[in-house]
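First up is the structure itself, then whatever we jot down about it.
Lettering of chains follows the sequences in order, A, B, ..., and the numbering in each one begins at 1. Only this structure's heavy atoms are used, side chains among them; waters, hydrogens and symmetry mates stay out.
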Protein chains: 2
Amino acid sequence: MRYSKQRDIVQSVVCSTDCHPTADWVFAEVKKSIPNISLGTVYRNLKQLSDSGFINRIQDGSVTRYDGNIKSHYHLKCNKCNKITDIILQKIDLRKIIKTKFDFELSDVELTITGKCNKHT
Amino acid sequence: MRYSKQRDIVQSVVCSTDCHPTADWVFAEVKKSIPNISLGTVYRNLKQLSDSGFINRIQDGSVTRYDGNIKSHYHLKCNKCNKITDIILQKIDLRKIIKTKFDFELSDVELTITGKCNKHT
DNA sequence: GTATATGCAAACAATTTGCACGCCT
DNA sequence: AGGCGTGCAAATTGTTTGCATATAC
């Protein structure tokens, strides 16, 4: 993967926020440094970066969001303010349970807990 | 919600398979009984049925799938054969943990475990 | 020099919606 | 009769892709 200014900035934008941005948000942000960057380029770079494991992709309903935090963690999604928060649960050894009980080789776990955060009643 | 033949059949199609169908698959299936049903109607009915809790909606990457099984359960998704299998894990009392640790009122949990089922090496 | 990356616009796929008409209740 | 449900097609939304040009190495 060859260096490009565009990819460099896409990556640093994703990695310097914890807002789990969409491609569109990243696009708007990168535009501040590279005004003539195109949305297609942002998508291409987000794909490459997540395929290579530099960032994570998470599915939020029908839209894809990106996450600079690549440590294993889960998400709380408040359906009032739509904020997504990272959480770390005590690591349950899912891998072993899933292997023994279902004979299934786990490679990825996506856990999203939806509900109401403490800002709402 | 008023009776309609279309909704009735959409519901029974979703509830009589465990293949976690997409809207398109349901459409093709319902067509066998109602040849001139439209895709829009299928979408509208899937939405109503899931909003009312008669069926579940699950997100599979960027496509939405539907599930006639409305009991609490999780999914194993094989990324070789793309099959989605229902599993029931020992109910960990997530609700309590999430409330105490994060002050967050859980209303829904979506857990998808991706990996390789025992048909592949 | 050559292959990869880019900008642009068109193509795509999944889903939603406006409208006139039809059918439950 | 009144209103919800339908078929149809067009519109939207999020994302991908083809192509000619630009850039890294």
All heavy atoms of Y66(B) vs all of R57(B), minimum pair found to be OH-NH2, 3.5 Å

Could you say whether Q48(B) or M1(A) is positioned toward the 5' end of DNA chain D, judged by the nucleotide with the nearest heavy atom to each?
Q48(B)

Please give, in whole Å, the distance from dT6(D) P to K31(B) NZ?
16 Å

Membership question, hydrophobic clusters at under 4.5 Å side-chain separation (ILVMFWY): are I87(A) and Y74(B) in the same one?
yes

Can you tell me how far C1' of dA14(C) sits from CZ of R57(B), to the nearest Å?
12 Å

On DNA chain D, more 5' by nearest nucleotide between T64(A) and R44(A) is T64(A)

As a test of reading the structure: which of dG14(D), dC23(C), dC25(D) is closest to the side chain of V63(A), going by heavy atoms?
dG14(D)

Value in whole Å for how far the C1' atom of dT6(D) lies from CG of D8(B):
15 Å

What's the CG-C1' distance between D60(A) and dG14(D), to the nearest Å?
13 Å

May I ask you to say what N45(B) touches in the nucleic acid, namely base, sugar-phosphate or nothing, with a heavy-atom cut-off under 4.0 Å?
sugar-phosphate

Nearest listed nucleotide, side chain of R2(A), among dG14(D), dT23(D), dG5(D):
dT23(D)

N/O (side chain, S62(A)) to phosphate O (OP1/OP2, dG14(D)) under 4.0 Å
no

Return yes if some donor-acceptor pair links the side-chain N/O of S52(B) with the main-chain N/O of L49(B) below 3.5 Å, else return no.
no

How is Y43(A) classified with respect to the nucleic acid when contacts are heavy atoms under 4.0 Å: base, sugar-phosphate, or nothing?
base

H75(A) and H20(A) aromatic ring geometry - parallel, tilted or perpendicular at 30°/60° bounds:
perpendicular

Can you confirm whether more than 12 heavy atoms, excluding those of K99(B), are under 6.0 Å from its NZ atom?
yes

Which nucleotide in the set dG5(D), dA24(D), dG7(D) lies at the smallest distance from any side-chain heavy atom of R7(B)?
dG5(D)

Interatomic distance where CG belongs to N36(B) and C1' belongs to dC8(D) [whole Å]:
11 Å

Taking dT15(C), dT6(C), dC23(C) as options, the one with an atom nearest any side-chain atom of L39(B) is dT15(C)

Identify which nucleotide among dG7(D), dC24(C), dG7(C) has an atom closest to any side-chain atom of Q6(A), counting heavy atoms from C-beta outward.
dG7(C)

Calculate the interatomic distance between I37(B) atom CD1 and dG5(D) atom P; express it in whole Å.
14 Å

More 5' along DNA chain C: S4(B) or Q59(B), using each one's nearest nucleotide?
Q59(B)

Return the value, rounded to whole Å, for the distance between atom CZ of F27(B) and atom P of dA14(C).
13 Å

Rounded to the Å, how far apart are D24(B) CG and dT15(C) P?
8 Å

